[in-house]
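Here is the structure we will look at, set down as structure tokens.
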Amino acid sequence: MKTNNLIVDKSKIFAIRIVRLYQFLQSEKKEFVLSKQILRSGTSIGANIRESAYGQSDKDFRSKLKIALKEANETAYWLEIMHETDYLSTTEFNSIYDDCIELIKIMTSIVNTSLKNNCEN
């Protein structure tokens with residue numbers, strides 16, 4: 001992570017999509033409760049990833065990434081709820097949900113690799 005910015009870039013792009021989704025839900029769907037939940041969790045992913053890059057130790061690095069992973073999982077949950085309650089069409093849902101799952105997979109891989117590398121040292 002410290003030499004590769006893929007996850008940083010993808011999480012920022014995802015956060016921007018979440019902000020736009022929030023704006024859409026508020027203005028077009030008049031949804032004001034769930035939209036705040038997804039705004040909070042969806043933008044927190046990238047913030048924690050950015051913070052992890054400057055972790056004080058490997059343990060701190062992993063801790064911040066695990067928090068980002070939890071936030072991504074929560075975001076996936078809110079996206080599922082919004083889809084199943086018809087706030088998001090299947091096309092809208094699939095597009096952003098796939099990005100969320102991709103972030104989860106990348107972060108899981110980074111955490112697992114970090115743990116493995118830490119055990120080898």
Side-chain angles (χ1 to χ4, degrees):
M1 162 119 173
K2 293 180 181 179
T3 59
N4 187 342
N5 291 326
L6 174 70
I7 190 68
V8 171
D9 294 342
K10 284 185 175 286
S11 64
K12 184 176 181 182
I13 291 166
F14 184 77
I16 291 167
R17 290 190 71 195
I18 288 293
V19 169
R20 290 187 176 136
L21 174 60
Y22 170 79
Q23 292 167 333
F24 166 77
L25 290 168
Q26 294 248 316
S27 65
E28 300 297 320
K29 299 290 187 169
K30 305 299 183 212
E31 198 302 305
F32 302 103
V33 177
L34 297 176
S35 60
K36 288 182 183 173
Q37 291 285 1
I38 199 160
L39 178 67
R40 185 198 56 75
S41 65
T43 56
S44 179
I45 300 165
N48 279 290
I49 288 170
R50 289 280 289 263
E51 193 173 344
S52 76
Y54 293 95
Q56 297 173 357
S57 64
D58 288 342
K59 186 177 178 180
D60 188 36
F61 168 78
R62 283 190 302 276
S63 175
K64 296 298 182 197
L65 267 184
K66 287 179 181 178
I67 292 168
L69 193 51
K70 288 170 54 175
E71 295 292 341
N73 189 50
E74 180 183 342
T75 301
Y77 171 79
W78 291 121
L79 288 169
E80 291 166 7
I81 295 296
M82 289 184 185
H83 178 246
E84 292 171 27
T85 56
D86 299 322
Y87 282 110
L88 294 177
S89 70
T90 298
T91 302
E92 293 163 338
F93 168 77
N94 287 340
S95 174
I96 198 162
Y97 187 79
D98 289 348
D99 287 351
C100 188
I101 297 304
E102 180 183 16
L103 285 172
I104 289 170
K105 289 178 181 178
I106 293 169
M107 284 185 287
T108 300
S109 176
I110 292 169
V111 168
N112 289 341
T113 300
S114 175
L115 283 172
K116 179 182 170 195
N117 290 341
N118 194 45
C119 290
E120 292 173 355
N121 293 329

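Note that OG1 of Thr75 is 9.0 Å distant from CG of Leu103, once rounded to the nearest 0.5 Å. Rounding to the nearest 0.5 Å gives a distance of 9.5 Å between OH of Tyr22 and CD of Glu31. Rounding to the nearest 0.5 angstrom, the gap separating the CE atom in Met82 from the CZ atom in Phe93 is 11.5 Å. To the nearest 0.5 Å, the span separating CG on Asp98 from CG on Leu79 amounts to 10.5 Å. Between the CD1 atom in Ile7 and the OG atom in Ser52 there is a gap of 9.0 Å [rounded to 0.5 Å]. Of the inter-residue distances, the one linking Leu21 atom CG with Leu88 atom CG reads 5.5 Å to the nearest 0.5 angstrom.
Looking at Ser95, its side chain never comes within 3.5 Å of a backbone N or O of Thr91 through a donor-acceptor pair. Within the 3.5 Å criterion, the main-chain N or O of Gln26 finds no donor-acceptor partner in the side chain of Lys29. No donor-acceptor distance shorter than 3.5 angstrom exists from the side chain of Ser114 to the backbone of Ile110, with no hydrogens or angles considered. With hydrogens and angles ignored, the 3.5 Å screen pairs no side-chain donor or acceptor of Ser63 with any backbone N or O of Lys59.
Each of Ile67 and Ile38 belongs to its own hydrophobic cluster when Ile, Leu, Val, Met, Phe, Trp and Tyr are linked at side-chain heavy-atom distances under 4.5 angstrom. One hydrophobic cluster, built from ILVMFWY side chains closer than 4.5 Å, holds both Leu6 and Ile49. Two different hydrophobic clusters hold Leu65 and Ile13 under the rule that ILVMFWY side chains link at heavy-atom gaps under 4.5 Å. A single hydrophobic cluster is seen to contain both Met107 and Ile101, as judged by linkage of ILVMFWY side chains at heavy-atom distances under 4.5 Å, directly or through other members.
Side-chain atoms of Glu74 and Arg40, non-hydrogen and from C-beta on, do get closer than 4.5 Å to each other. Side-chain contact check for Ile81 versus Gln37: every heavy-atom pair is 4.5 Å or farther apart. Contact of the Thr90 side chain with the Asn94 side chain is registered, since non-hydrogen atoms from C-beta on lie closer than 4.5 Å. Between Gln23 and Arg20 there is a side-chain heavy-atom pair separated by less than 4.5 Å. At a threshold of 4.5 Å between non-hydrogen side-chain atoms, the residues Leu69 and Asn48 do not count as touching.
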| request: Give the C-alpha distance, both sets of side-chain angles, the deciding distance and a yes or no for side-chain contact (heavy atoms from CB on, under 4.5 Å) between Leu34 and Leu25. | output: CA-CA 9 Å; Leu34 297 176; Leu25 290 168; over 6 Å; no

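Take Glu51 and apply the side chain to side chain donor-acceptor pair (under 3.5 Å) test, not counting sequence neighbours, and it matches Lys64. With sequence neighbours left out, the ring-ring contact (aromatic ring centres under 6.0 Å, His included) criterion links Tyr77 to no other residue.
Scanning all heavy atoms of the two residues, the minimum distance from Ala72 to Ile104 falls at CB-CG1, 3.5 Å. Here the closest heavy-atom approach between residue Phe24 and residue Tyr87 is recorded as CE2-O, 4.2 Å. Closest approach of Gly46 to Ser11, counting heavy atoms only: CA-OG, 3.5 Å. Minimum interatomic distance between Cys100 and Ala76 (heavy atoms only, all atoms of both residues): SG-N, 3.8 Å. The heavy-atom pair separating Ser44 from Glu71 by the smallest distance is OG-CG, 3.4 Å. The minimum heavy-atom distance linking Gly55 with Asp60 is given by the pair CA-OD2, 3.2 Å.
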